[in-house]
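Quick notes on the structure that follows.
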There are 2 protein chains.
Amino acid sequence: MPNARETKELILDTAEKLFSEKGVDGVSLRSLTAAAGVNIAAAHYHFGSKEEVAKAVFARRIRPVNRERIQLLDTYQEHGQPSVEELLTAFFAPALRLAREPQRGYDFMRLCARFYSEPAEYLESTFREEFSQVLSRFHEAFQRALPELGEEEVGLRLHFAIGVMVHTLLNPTRTCLPRLGPQASDSDKATLDAMVRFVAAGMRSAPAAQFPAGAVAALSAHAEVAQ
Amino acid sequence: MPNARETKELILDTAEKLFSEKGVDGVSLRSLTAAAGVNIAAAHYHFGSKEEVAKAVFARRIRPVNRERIQLLDTYQEHGQPSVEELLTAFFAPALRLAREPQRGYDFMRLCARFYSEPAEYLESTFREEFSQVLSRFHEAFQRALPELGEEEVGLRLHFAIGVMVHTLLNPTRTCLPRLGPQASDSDKATLDAMVRFVAAGMRSAPAAQFPAGAVAALSAHAEVAQ
DNA sequence: CATGGATTCAATCAAACGTTTGAATTAATC
DNA sequence: GATTAATTCAAACGTTTGATTGAATCCATG
């Protein structure tokens with residue numbers, strides 16, 4: 001049994017890197033094992049299928065992150081009701097701290113976002129399994145931090161907040177426009193800072209509608225502007 | 001030359017539906033043409049390649065939307081400096097109005113978000129081409145609406161705002177948690193309303209950092225909580 | 001040093017992929 | 001009614017996919 005441990009982790013490390021770049025669906029098991037310098041059959045021997053490789057590379061890192069999220073939440077809650085900023089920090093910080101890890105931290109964060117957005121069903125369900133507890137805990141905590149909002153409204157806003165994070169992790173520098181989004185020069189801490197402030201303000205915004213004059217008209221099929 | 005027009009649009013319509021569900025990469029040209037009831041060679045005859053089919057189905061709908069966004073922006077700007085809410089409405093409303101179209105509007109919005117998140121390079125560049133003008137105009141407009149913020153900060157926040165929209169369009173009802181995100185009962189108008197309020201508050205949030213006590217510690221590698 | 005389970009390897013499988021081909025079919029033009 | 005161009009079609013192209021096989025190799029143990 002030559003270097004069994006090395007082979008298995010070599011596959012996971014390489015998968016983390018390639019999947020995050022090209023998506024799980026965009027990387028063949030052949031190119032993956034070739035890049036790792038191992039035989040194709042080794043991947044099936046150690047994991048059983050490509051699907052299981054993907055699940056393993058995901059679970060390997062997301063579990064410590066989600067464990068830390070809950071521990072941070074626990075710590076904050078020991079000192080009374082956490083503020084919105086504290087809740088957001090407890091949620092965002094472990095992810096961004098992992099993303100900052102020198103070796104492959106960032107690769108994984110992108111992989112994590114890909115798991116969320118790729119259409120394959122097993123990726124979706126894997127993601128759901130790994131996150132259900134964390135999201136349930138935070139949903140509850142935000143509900144208590146924002147008692148004036150309905151449960152549905154809190155769920156909707158938490159959904160928006162996750163959108164900000166997923167999008168930011170997935171598109172760290174490059175975006176549609178050169179100067180849009182975090183710049184290469186920005187530190188992760190500055191990005192987290194900006195993100196927490198942005199989302200906290202959104203979570204706290206007034207529950208009632210202060211809709212601008214043109215909004216309803218803009219949503220109707222109006223001939224004078226739309227075409 | 002039997003029903004050339006019908007065949008071409010049949011392919012586009014079917015592609016819009018299938019690509020939005022499974023992603024461009026997740027749908028083979030074979031299954032696509034089979035679902036459309038046309039020969040597989042017809043796709044190559046009319047478009048040249050699968051790539052060109054994807055570009056065509058995207059351009060067909062995004063151009064009117066982005067044209068309307070700019071027209072709405074022009075209309076608002078005729079009456080002076082638009083508010084943040086007006087700018088957000090001008091940006092979000094055309095997309096959500098299309099998403100509300102009875103036939104295939106929603107399919108396309110999801111496709112649009114997939115173009116943004118799928119890793120294939122040509123999807124990315126196509127997206128960038130179609131959006132560069134719109135984003136440039138709105139970046140500039142937000143900069144004027146929020147003069148107290150630096151240009152970089154506005155770009156970062158606009159990036160967050162797009163994240164909210166992409167995420168919301170991509171995950172309309174189903175999410176990791178049953179009661180997270182827009183519910184099936186929510187109307188599009190209510191979702192737009194909530195989205196505009198959330199994002200407007202984020203765009204307007206104080207530029208200086210009011211960081212919670214634990215945030216910096218949470219980002220450092222701290223042994224007592226992380227594990 | 002022999003045994004045996006663990007691991008690696010080259011070779012191969014059927015299925016699916018995007019693309020191409022050349023003949024058949026359709027509809028307009030002369 | 002023959003000619004021509006546009007369109008459709010079944011069939012096949014070569015390549016790549018995830019998965020499997022059975023022989024070879026390794027290493028800890030007896």
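Computed from heavy atoms alone, side chains included, the values below leave out hydrogens, waters and symmetry copies. Source: prediction; values computed, not measured. Chain letters run A, B, ... following the sequence lines, proteins first, then strands; residues in each count from 1.
Proximity of A/Asn39 to the phosphate of C/dA10: a side-chain N or O atom is located under 4.0 Å from OP1 or OP2.
Every side chain to side chain donor-acceptor pair (under 3.5 Å) that A/Asn66 has, sequence neighbours left out, goes to A/Arg69. Not a single ring pair (Phe, Tyr, Trp, His ring centres under 6.0 Å) links A/Phe19 to another residue, sequence neighbours left out. Residues satisfying the side chain to side chain donor-acceptor pair (under 3.5 Å) test with A/Ser49, not counting sequence neighbours, are none. In this structure A/Glu129 satisfies the side chain to side chain donor-acceptor pair (under 3.5 Å) test with no other residue, sequence neighbours excluded. Scored by the salt bridge (charged side-chain N to carboxylate O under 4.0 Å, His left out) test, B/Lys55 finds B/Glu52 as partners (sequence neighbours excluded). Residues passing the side chain to side chain donor-acceptor pair (under 3.5 Å) test with B/Arg30, sequence neighbours excluded: none. Residues satisfying the salt bridge (charged side-chain N to carboxylate O under 4.0 Å, His left out) test with A/Glu130, not counting sequence neighbours, are A/Arg63.
Side chain to side chain, B/Gln77 and B/Arg137 meet the donor-acceptor criterion of an N or O pair below 3.5 Å.
Between A/Phe142 and A/Phe138, the ring-plane angle classifies as tilted under the 30° and 60° cut-offs.
Between the P atom of C/dC17 and the CD1 atom of B/Ile40 lies a distance of 9 Å, rounded to the nearest Å. Between B/Ile11 atom CD1 and D/dC9 atom P the separation is 10 Å, expressed in whole Å. In this structure, B/His46 places its NE2 atom 16 Å from C1' of C/dT19, rounding to the nearest Å. As rounded to whole Å, 17 Å separates atom P of D/dA10 from atom OH of B/Tyr45. In this structure, B/Phe47 atom CZ and D/dT7 atom C1' are separated by 14 Å, rounded to whole Å. In this structure, the CG atom of A/Asp25 is 11 Å from the P atom of D/dT17, given to the nearest Å. Regarding B/Lys8, its NZ atom lies at a distance of 13 Å from the P atom of D/dA6, rounded to whole Å.
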Can you give me the N/O atom pairs linking the protein to nucleotides 22-24 of chain D at distances under 3.5 Å, or say none if there are none?
none

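For the segment residues 27-36 of chain B, the set of residues with a heavy atom within less than 4.0 Å of an atom of DNA chain C comprises B/Val27, B/Ser28, B/Leu29, B/Arg30, in numerical order. Residues from residues 48-55 of chain A placing a heavy atom under 4.0 Å of any atom in DNA chain C do not occur.
Under 4.0 Å is where a charged nitrogen must lie from a carboxylate oxygen, and between A/Glu9 and A/Arg60 no such pair does.
For the helix from C/dC1-D/dG30 to C/dC30-D/dG1, the terminal axes (five pairs an end, C1' atoms, rotation from four pairs onto the next four) enclose an angle of 10°, given to 10 degrees.
Ranking C/dA6, C/dA10, D/dA19 by closeness to the A/His44 side chain, first place goes to D/dA19.
The distance from the NE2 atom of B/His159 to the NE2 atom of B/His139 is 12.0 Å, given to the nearest 0.5 Å.
The two residues B/Arg197 and A/Arg157 come nearest to each other via the heavy atoms NH1-NH2, 3.4 Å.
A 4.5 Å side-chain heavy-atom check between A/Leu29 and A/His44 finds at least one atom pair inside the cut-off.
Listed by first and then second residue, the salt bridge (Lys or Arg N to Asp or Glu O under 4.0 Å) pairs involving residues 19-28 of chain B are B/Lys17-B/Glu21 (not counting sequence neighbours).
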